[in-house]
There are 2 protein chains.
Amino acid sequence: MYKSAARPGERILAAADKLFYEQGIRAVGVDTIAAEAGVSKRTLYNYYPTKDDLIAAYLTARFKHIAPSDAPAREQILAYFERIEAMVADGSFRGCPFVNAVTEIGDRKHAAIALAVQFKEQRRQWYRALLERLQVKDPDALATQLQLLVEGVLATSLVRGDPGAARAARAAAEVLLDAAIARKARRKR
Amino acid sequence: MYKSAARPGERILAAADKLFYEQGIRAVGVDTIAAEAGVSKRTLYNYYPTKDDLIAAYLTARFKHIAPSDAPAREQILAYFERIEAMVADGSFRGCPFVNAVTEIGDRKHAAIALAVQFKEQRRQWYRALLERLQVKDPDALATQLQLLVEGVLATSLVRGDPGAARAARAAAEVLLDAAIARKARRKR
DNA sequence: TCATAGGTAAACAGACCTGTTTACTTCGAG
DNA sequence: CTCGAAGTAAACAGGTCTGTTTACCTATGA
């Protein structure tokens, strides 16, 4: 229970985040969330009039931007795979909340689907910006490919929580980066 | 309805496959499956005593091996990405049924989870065997990486049904294959 | 002091879920 | 012809889900 923590609205969101992520959106009822938040159902429905609103709030809160950094672009990209590896090793990893939401929600018009699309695109643009700094030939295409590797690690690690997948993805990313940079160098010569 | 088709057992499985895949395992009730199969609920429960049995049967039926082929290994690997691209372009693509099942089923001891792990490993071994024929340096590691690309395409295409992801993955696979083969050639020299 | 905003607990409505049961039908093999 | 296997339709049991409602409590600021 989060009774000691801040305001009811935040306790509800924290409880929803925990339960939705750990057990799945469809697997968790609002009763359970209210109980976990130490809040009456009435209050929960005051803050979030429907479960769908709560789902949207859950994903919106998960929609984090990556803190910009002055570290070398290549380093930042590879470090991201290491972060994933750590999350998987931690044991509490349950896949990408956005992808999971798309899987669990049938209705393509649900706000969650648009959020998932935006999130993935935002991540792709993060790669793109870094790759532009590296002056690779086709930053857009390579950004998509790195994103695919990340997505692959997330799905694979959900099925089988083996940190080896993240390491393999990191190695593959290195190969792709090297190839893109070599091509550019070759072009320069 | 599949009333005209073969035996009740098969009609039930066909209906379950369609509904589970299109709408999700948790989203579909046994009543709906029985109706879709043109079969009474009593009959459904004669063939599959619990919904979990039906889920397991659904995934078991989806557990296909790839037909062995004498085509060049590289060609076979790249063709697989093209198959996925076609599936995505078709519009009915809803992600990998095994990954979806893991997402939707909370219980890690459910038969479906073991099936999912086996399926992914079986696919990985398929790559491994092909890569051994190509005599790349570390077929096991590269098999994992190609598998990651595939998994990434499946997840990405679920969120956003853009066939471009499959094409990007194919291109990335080519780079990885070329790098692995070049390394081997370099070693030969 | 006391009105009110915001909270609690608990019951309820109505829908849907899994799984069982009952009573009836159909059809093919001996 | 008749018996039994396998099917149907439909109701039911017991549970859970979302969302609403009722009646009560409590703290705070005018």
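A, B, ... follow the sequence lines: proteins, then strands. Residue 1 opens every chain.
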Discussion item. Taking the six-membered ring of A:Y21 as reference, does the cationic atom of A:R62 (NZ for Lys, CZ for Arg) lie under 6.0 Å from its centre and within 45° of its axis?
Written reply: yes
Response to the item:
note: B:Y47, atom OH; C:dT20, atom C1'; distance rounded to Å ~ 19 Å
Discussion item. So if I apply the ring-ring contact (aromatic ring centres under 6.0 Å, His included) rule between A:F98 and each of A:F20, A:F119, A:Y58, which one comes out positive?
Written reply: A:F119
Worksheet item: Taking the side chain of A:R42 as heavy atoms from C-beta outward, which of C:dG7, D:dT22, C:dT22 is closest to it?
Response: D:dT22
Response to the item:
A:Q76 meets the side-chain contact (heavy atoms from CB on, under 4.5 Å) criterion, sequence neighbours left out, with A:S69, A:A71, A:W126, A:L130, A:R133
Worksheet entry | CD-CD distance between B:Q118 and B:Q125, expressed to the nearest 0.5 angstrom | 12.5 Å
Practice prompt. Could you tell me the separation between the NZ atom of B:K41 and the P atom of C:dC16, rounded to a whole number of Å?
Written response: 13 Å
Worksheet item: Given atom CG of B:L44 and atom C1' of C:dT21, what is their separation to the nearest angstrom?
Response: 16 Å
Fill in: Whole-Å gap separating P (D:dC17) and CZ (A:F20)
12 Å
Response to the item:
Per atom distances to the B:R11 side chain, the nearest of C:dT8, D:dT8, C:dG19 is D:dT8
Fill in: Between C:dT8 (P) and A:I12 (CD1): distance, integer Å
8 Å
Worksheet item: Should we count CZ of B:R160 as having more than 12 external heavy atoms under 6.0 Å?
Response: no
Practice prompt. Let me know, please, whether B:N46 or A:I25 comes out on the 5' side of the other along DNA chain D by nearest nucleotide.
Written response: B:N46
Worksheet item: Distance check: side-chain N/O of A:S40 vs OP1/OP2 of C:dA10, anything under 4.0 Å?
Response: no
Fill in: Atom-to-atom span, CD of A:Q23 to C1' of D:dC17 - whole angstrom
15 Å
Item to complete: Go through D:dG19, C:dT18, D:dT8 for me and flag the one nearest to the B:V39 side chain.
Response: D:dT8
Worksheet item: Taking the side chain of B:T43 as heavy atoms from C-beta outward, which of D:dT18, C:dT18, D:dT8 is closest to it?
Response: D:dT8
Item to complete: Tell me, please, which residues at least two apart from B:E85 pass salt bridge (Lys or Arg N to Asp or Glu O under 4.0 Å).
Response: B:R167
Item to complete: Return no unless some side-chain N or O of A:Y45 is found under 4.0 Å from OP1 or OP2 of C:dT8.
Response: no
Discussion item. Expected output is a numbered-order residue list: members of residues 48-60 of chain A with a heavy atom under 4.0 Å from any atom of DNA chain D. What is it?
Written reply: A:T50, A:K51
Discussion item. Looking at A:E151 and A:K120, is there a salt bridge between them, counting it only when a charged N and a carboxylate O are closer than 4.0 Å?
Written reply: yes
